[in-house]
Amino acid sequence: MTIIKFPRVLLENGLFLLPWQILRPTSGKPEGGRFFMVIGLPRALLYHRYGTMWRVFFEELGCQTLISGPTTTALLEEGSRVTADESCTPVKIFMGHVQILRGKCDFIFVPRITDFGYFDEMCVRFFGLCDMVRNTFEDAAVLCCNIEQGREREGYLQMARSLGVKRREAQRAYERGVEAMHREENGRSIRQRLIWSGATMRILIAAQPYVLRDAFLGEPLIRLVREAGATPLFSEDCGKKACRGSAEEAAPGLYWHFNKESLGAIAQYRSEVDGVILVSAFPCGTDSLVGEMAVRRIRDVPLIHLLLDEQQGEAGLQTRIESFVDMLRARAVHEG
Amino acid sequence: MRDNRVTNNGNQGKFPNMNNSKAPRTISFPHMGNYYAPIARLLRTVFPFDRVVPAPFMTRETIALGSRHSPDFVCSPFKHNMGCYIQALEAGADILIQTGLGCRFGYFGALQERLLRDLGYTFEFLCFSREKARPLAVYRMLKLHRSPLGPMRLLHAVCVAMLGIHALDVCESYIRQNLAYERSKGTFHAILSRFLEELQEANGISKVLLLRKRTIRALREVELNLPSRKLRVGIIGELYTAMDAFSNHEIERFLAGRGISVQRDMSVTFLIFGKRDKRTIKRTGGYLQYPVGANGIDSVAWLRDYAQRGFDGVIHVKSFGCTPELNAMPALTRLSRDMGIPLIHLSFDTQTSETGLETRLEAFCDMLEMRRNEEIKRGTGSGHRVDLNEGSRPRRAG
């Protein structure tokens, strides 16, 4: 008897799934009901990059996944209460999501990804995320997956072994997860390319994935760009490997994975877009340096650097975006 | 004063002395604590035909300059470095030196060079950061900038520098522990100043070792008024803010003024020789499972170490936004609570007000004194805390 498993989404605030959450039944076998445990996935930070992969991975292993709902102001406030004031907003949002998931699942999944190679590191906050959650929420059971130097497969297999899963099963689950993630990414790239070809006023929004896709940080901005009459294109959907390759021309010596993607996307597509919006969450550690470098090095395309923080004052953001789009229109008229 | 700002330069101002390679260049580097002495000595040996002038000592002017020309929310070591560089360039520097480690520090050099060139200065920038800090890359860069030394002499110079740094750390450590109790104020300061001057002249291994022996003997001979039960406070945290007195608003001197013996294990000797993450993870007692970046695990390990040794309190210093220390903070808070050792978090940026800081430190020191008096009254003798209750360890999966 096949059991159709689906992710149970927490509908705490009456919000529903975002468009790229594809609901489909997986074909995992329950193995005699051995692994009926619930794994909580906080919808923050790396979820916006690897979420599909994790969901499919755990479901293939026979676990049920519980994903927290999209970020709200209340969630951010909860997170701010338990984190140091100086933490960047995405980390506060993450802690808010973890707080929501506490007590509702057997394990909360917090991965630790350090780097993908010597010149390809993640922000240092990811090194300590797992320990931060453990020490902040002492009663929470944290499931951690340690990925160093890009050895993803080993990391996930080791974690599965600690759960008591057989190696072959874990490998199959990992491969299915990666396949699902690639499928989703390709879908997004294709969709973006279609939108690209039909768009008049193209604005590239370059940001970390967890800033861009977050319901509190990135979505209002994307909505405002659309309302101003421009078409937003995302650095995340621009072919990540190629972007990382072209990051060297935009900022030589840069060694952060996500920053290389955003800057690489700007470097690659700067002749094809009308304007670029570089978005950072305050006080992002890596963006404090990279944002400044980008503003100084990229001179041939109009570029603005927007800072998002916890105080969600849309008026200010709206003014800046509208004036930027107006300026781009005037520039297009003047040149064309 | 030389005007270093050249607006239109054919070779982008990168090699100002290409025409006259015999003219002495001025080499400069930013400050971190008292390490300017061994570094200046090293650079003078490596570049014997050039002038080595450390940046001017940091003042409010430096930090104001630095913050004005730095991104807004970058951590304060960047701003201190920028201030030093700008002042050094104004004073006529041709070559600037920078290093780089983990966290954001590895990218400082790239952005600092860009900012300074955009300001219009002309200079060469030697950035020994990440892959350029490897021995072969360092050697190549030094040769490129016309250092006349061969590999053996360079190795010797580096050994002398390491011994000098170690001697400096040993002397400063002793001073830090006993500064509060010197009978005649200013003795330690005088000995240290003399040591720093002589260290800049010591260009051989035996000279450095003799200097160190002399200085330690002089330090040991200083008369102290040791109390029966002295207050011991440890300092942990981010490396630049912990090691640079200007950055942390001379917190060690303040504590000495309150009669507190300070211990700080963070030093350049530790960073070069003592930092071993795999060993340190075990010393955190399960509060951290993985390295959290830069010196995060070291902070946690030292806190636990100080708590086990019965220290009265620990001060955690960092600059605003320091990511590895923010990672370690939940572990530090929990450890301090479980082991019952007072811990105060101080976060420094360029806007830190002296008054606010002093108030917090005064309150902290008052609290420590009250606790000590309580312990003496209760008759727990030396008042040294035993590691009775380490608290629950973080739970693992599986």
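Below, chain A is the first sequence line, B the second, and so on; all start at residue 1.
Ranked by heavy-atom pairs under 4.5 Å with chain B, the list A:E292, A:E121, A:R125 is led by A:R125. Across B:C127, B:P324, B:P291, B:A110, the residue that shares the most heavy-atom pairs under 4.5 angstrom with chain A is B:P291. Contact tally against chain B (heavy-atom pairs below 4.5 Å) for A:G128, A:A84, A:P252: the top residue is A:G128. Heavy-atom pairs under 4.5 Å with chain A peak, among B:S347, B:G109, B:A294, at B:S347. Across A:L307, A:V290, A:V91, A:T286, the residue that shares the most heavy-atom pairs under 4.5 angstrom with chain B is A:L307. Interface check for chain A: of the options B:M329, B:K132, B:R337, the most heavy-atom pairs under 4.5 Å are formed by B:R337.
Applying ring-ring contact (aromatic ring centres under 6.0 Å, His included) to A:Y174 and the options A:Y156, A:Y50, A:W54 leaves one that passes, A:Y156. If you run ring-ring contact (aromatic ring centres under 6.0 Å, His included) between A:Y210 and each of A:Y47, A:F94, A:F126, only A:F126 comes through.
Note on ring orientation: taking the six-membered ring where Trp is involved, the planes of B:F320 and A:F282 are tilted (angle from 30° to 60°).
By the 6.0 Å and 45° rule, B:R130 stacks over the aromatic ring of A:Y118.
Both the backbone and the side chain of A:R296 come within contact range of chain B, with heavy atoms under 4.5 Å apart.
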Audit row: A:D115, A:Y255, side-chain hydrogen bond (donor to acceptor under 3.5 Å, both in side chains) steps and yes/no: CA-CA 10 Å; A:D115 60 331; A:Y255 55 88; over 6 Å; no

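In this structure, B:W302 has its ring center closer than 6.0 angstrom to the ring center of B:F270.
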